[in-house]
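Here's the structure we're looking at; comments come further down.
What you see is a predicted model; the values in this text were computed from it and never measured.
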Amino acid sequence: MAIVTKFSDLDLTKTYSYADYLLWQFQERVELIKGKIFEMSPAPSRKHQMVSRVLNRYLDRYFEHNPCGLYDAPFDVRLINFKKSTEDKKVFTVVQPDLCVVCDESKLDDRGCIGSPDLVIEILSPGNSKKEMGIKFNLYQENKIKEYWIVDPTEQAIFVYTLKDETYIGLKPCIEDEKITSPLFPALDFEIKKIFADIKTHKK
């Protein structure tokens with residue numbers, strides 16, 4: 001296999017593996033979902049970055065004294081669909097969640113995480129909302145990620161899904177005047193309004 005230096009040289013109708021992904025040396029940011037290429041936004045929006053920074057601060061404070069590790073994008077998470085894993089065990093899915101928590105150290109290597117994190121957080125932006133709400137929701141559920149948060153900066157709300165009997169159960173949306181508490185990490189809680197405070201301060 002040869003190194004690919006131009007995104008335009010890829011055939012978007014083909015199915016690719018993680019081995020192919022490692023040979024891509026172009027500037028565009030991509031994720032590989034079940035072998036298909038999904039181009040990511042060139043750079044997260046300012047609003048996205050504000051929310052990510054504050055979330056990272058709160059989570060880092062909690063996980064600093066916790067055996068689990070907190071990682072933020074770009075951080076490769078290689079997933080294998082447990083229901084439809086391939087015969088040769090190749091990895092056909094590589095995603096870069098905005099934030100993720102991994103408690104099983106054996107899943108970590110120098111390239112990121114192989115297997116399911118315990119908690120994944122995705123922050124919506126105008127260019128990726130459909131992907132996060134649909135394709136990734138199903139992907140994370142299939143791969144048995146225990147808890148999934150969808151953070152919506154526009155609506156200033158966080159939607160929490162927890163895995164039960166291999167199916168995500170959606171909890172009541174967490175909105176501005178409420179606190180969010182992680183079902184998986186009950187001591188992890190904070191006020192929603194603090195997550196979106198920077199957005200209100202910088203409306204332009």
Side-chain angles (χ1 to χ4, degrees), residues 31 33-34 38 40-41 43-64 66 68-75 77 79 81 93 95-103 113 116-204:
E31 292 178 307
I33 298 180
K34 297 184 179 179
F38 285 79
M40 301 173 69
S41 301
S45 68
R46 183 163 168 254
K47 187 182 293 186
H48 182 288
Q49 292 291 71
M50 287 178 178
V51 172
S52 179
R53 183 179 65 246
V54 179
L55 269 173
N56 205 326
R57 188 184 308 151
Y58 277 93
L59 270 66
D60 188 55
R61 193 177 301 162
Y62 174 81
F63 287 106
E64 181 181 7
N66 189 295
C68 303
L70 172 66
Y71 302 91
D72 59 354
F75 178 77
V77 173
L79 297 173
N81 184 329
T93 295
V95 292
Q96 294 187 356
D98 290 306
L99 294 161
C100 68
V101 174
V102 182
C103 296
C113 175
S116 299
D118 295 85
L119 167 65
V120 163
I121 300 174
E122 296 282 12
I123 303 168
L124 297 183
S125 61
N128 67 3
S129 296
K130 289 183 179 179
K131 182 169 68 174
E132 261 66 71
M133 293 291 285
I135 296 171
K136 280 193 170 180
F137 182 97
N138 293 333
L139 179 71
Y140 294 157
Q141 180 175 258
E142 289 172 3
N143 283 274
K144 303 180 183 179
I145 292 174
K146 297 174 185 176
E147 189 167 316
Y148 177 34
W149 296 9
I150 297 177
V151 182
D152 189 337
T154 301
E155 297 298 328
Q156 298 187 13
I158 300 178
F159 302 87
V160 177
Y161 299 90
T162 183
L163 197 68
K164 184 176 181 181
D165 298 328
E166 300 188 10
T167 301
Y168 275 141
I169 304 299
L171 306 184
K172 178 180 176 293
C174 301
I175 55 177
E176 184 178 6
D177 295 324
E178 300 175 343
K179 289 184 72 175
I180 183 171
T181 301
S182 165
L184 190 58
F185 306 102
L188 174 61
D189 61 9
F190 45 81
E191 294 178 68
I192 294 295
K193 63 182 179 182
K194 292 183 178 179
I195 302 302
F196 302 107
D198 286 352
I199 292 177
K200 287 193 171 184
T201 305
H202 302 85
K203 290 184 178 180
K204 293 183 179 180

Would you mind reporting whether Ile145 and Pro117 have side-chain heavy atoms less than 4.5 Å apart? yes
Kindly assign one of parallel, tilted or perpendicular to the pair Tyr161 and Phe137, based on the angle between their ring planes and the thresholds 30° and 60°. perpendicular
4.5 Å side-chain heavy-atom contact, Pro97 and Tyr140: yes
So do the side chains of Leu124 and Thr154 get within less than 4.5 Å of each other, counting heavy atoms only? no
Are Val120 and Lys136 packed together at the side-chain level, in the sense that at least one heavy-atom pair is separated by less than 4.5 angstrom? no
Measure the distance from the SG of Cys103 to the SG of Cys68 and say whether it is below 2.5 Å. yes
Heavy-atom pair with the smallest gap, counting every atom of Gln156 and Phe196: C-CE1, 3.4 Å
Validation row: Asn56, Leu70 side chains within 4.5 angstrom (heavy atoms): yes
Could you check Cys100 against Phe75 for side-chain contact (heavy atoms from CB on, under 4.5 Å), going step by step and ending with a plain yes or no? CA-CA 9 Å; Cys100 68; Phe75 178 77; 3.8 Å; yes
So do the side chains of Glu147 and Asp118 get within less than 4.5 Å of each other, counting heavy atoms only? no
Side chain proximity check, Val95 to Phe38, heavy atoms < 4.5 angstrom: no
Would you mind reporting whether Ile192 and Ile180 have side-chain heavy atoms less than 4.5 Å apart? yes
side-chain contact (heavy atoms from CB on, under 4.5 Å) evaluation trace for Leu188 with Phe63: CA-CA 9 Å; Leu188 174 61; Phe63 287 106; 4.1 Å; yes
Any idea which heavy atoms bring Val151 and Leu55 closest together, and the distance? CG2-CD1, 3.9 Å
